[in-house]
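Written out below as structure tokens is the structure these notes cover.
Ligands are counted one by one from 1 in listed order, and the atoms in each one are counted from 1 as well. What you see below is based on every heavy atom in this structure, not just the backbone, and it leaves out hydrogens, waters and symmetry mates.
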Amino acid sequence: MKVFQTVVEIQKYLLEINRLETNSVGFVPTMGALHAGHLSLVKAAKEKSKLTVSSVFVNPTQFNDIKDFERYPIQVDTDLEMLLQAGCDVVFVPSVDDIYPAGVQGKTDVDLGFLGRTLEAVQRPGHFEGVMQVVKRLLDIVQPDFLFLGQKDYQQCMVIARMIEHFHLPVTLEICPTLREPDGLAMSSRNQRLNPVERLSAVKLSKALFYIKEHIQQQTINDLVTTQLQVLSADELIKVEYLAVVDGKTLQSLSEYKNDIPTTVLIAAMVGQVRLIDNVIVTD
Ligand code: PAF
């Protein structure tokens, strides 16, 4: 496995290897603190492409809360070991200066429409602008044929799809299913910040999502959401930011379930000091 820390080095390598060996590059961008969910993206990339490239970069511009950025877990040596074991070919571990040589200003100018005004965009102003900024920069550097993102960040996937469309980027987005712990909690780098009591509470988020999915034919969306919000608010460690049943393509909220409309249920909540998100697709 090759590890590069500068743009110049990785670009030189990718240009050479591209020409000689492969024209199919799969890219898995990460912010490190890897878990089995990330490794499933690497696995998917390996199946689809001849060369698998991953990046480990905690992007400062996508954190609207500086404390969240400072608390983000960093474990680069473990990450590299995990990527090696997963069979990743190339890892890019750049510095902030390498990614943003002209400074962190200069956000990517893509009109996200409603996507940029709902759910995560409301709770985390500037977050998606930072995500687009870093993903655009990484795509320009790596120039992959396939980009692998996890469904857990549902809205992020849609934002990046929109950005790819906006710039007509020659890359295919592959969205991979969320991996879950045995009790249903969505895997996330943030889970390691939960203490044992919070960890018990955290599972209630996915339980609420699956409850809604399973009962959506029998009860109204309003009743389901209201009941699940009551269940969650009974746990004093949980503060729900949103629990929404939406059109899976537009993210507009739905008041009524119809099985011919793509439908996704999304949640964001603080569990203690840790912000978690999750979603389930009811109909795609
Ligand atoms: O999903 C993430 O981990 C990040 O938002 C990403 C796509 C690596 C950009 O920093």
Backbone N/O of V110 and side chain of H166: donor-acceptor pair under 3.5 Å
no

Is there a polar contact between ligand 1 and N59, counting only N or O atoms under 3.5 Å apart?
no

Before signing off on this row, confirm whether T30 and ligand 1 have an N or O atom pair separated by under 3.5 Å.
no

Of the protein's non-hydrogen atoms, which lies at the shortest distance from [atom], and what is that distance?
atom	answer
atom 3 (O) of ligand 1	M31 CG, 3.7 Å
atom 9 (C) of ligand 1	Q62 OE1, 3.4 Å
atom 1 (O) of ligand 1	Q156 NE2, 2.8 Å

Assess the side chains of Q5 and E9: does a donor N or O sit below 3.5 Å from an acceptor N or O?
no

With no hydrogens and no angle check, just 3.5 Å: does a side-chain donor-acceptor pair link Q75 and D79?
yes

Any atoms of ligand 1 less than 4.0 Å from a non-hydrogen atom of [X]? List them with their elements.
X	result
P29	8 (C)
D153	1 (O)
V134	9 (C), 10 (O)

Which pairs pass salt bridge (charged side-chain N to carboxylate O under 4.0 Å, His left out) with one or both residues in residues 236-254, sequence neighbours excluded?
E241-R275

Passes salt bridge (Lys or Arg N to Asp or Glu O under 4.0 Å), K204 versus D235? Steps please.
CA-CA 9 Å; K204 295 180 185 171; D235 184 326; 2.8 Å; yes

Shared-cluster residues of L179, by chain and number - hydrophobic side chains joined below 4.5 Å:
M187

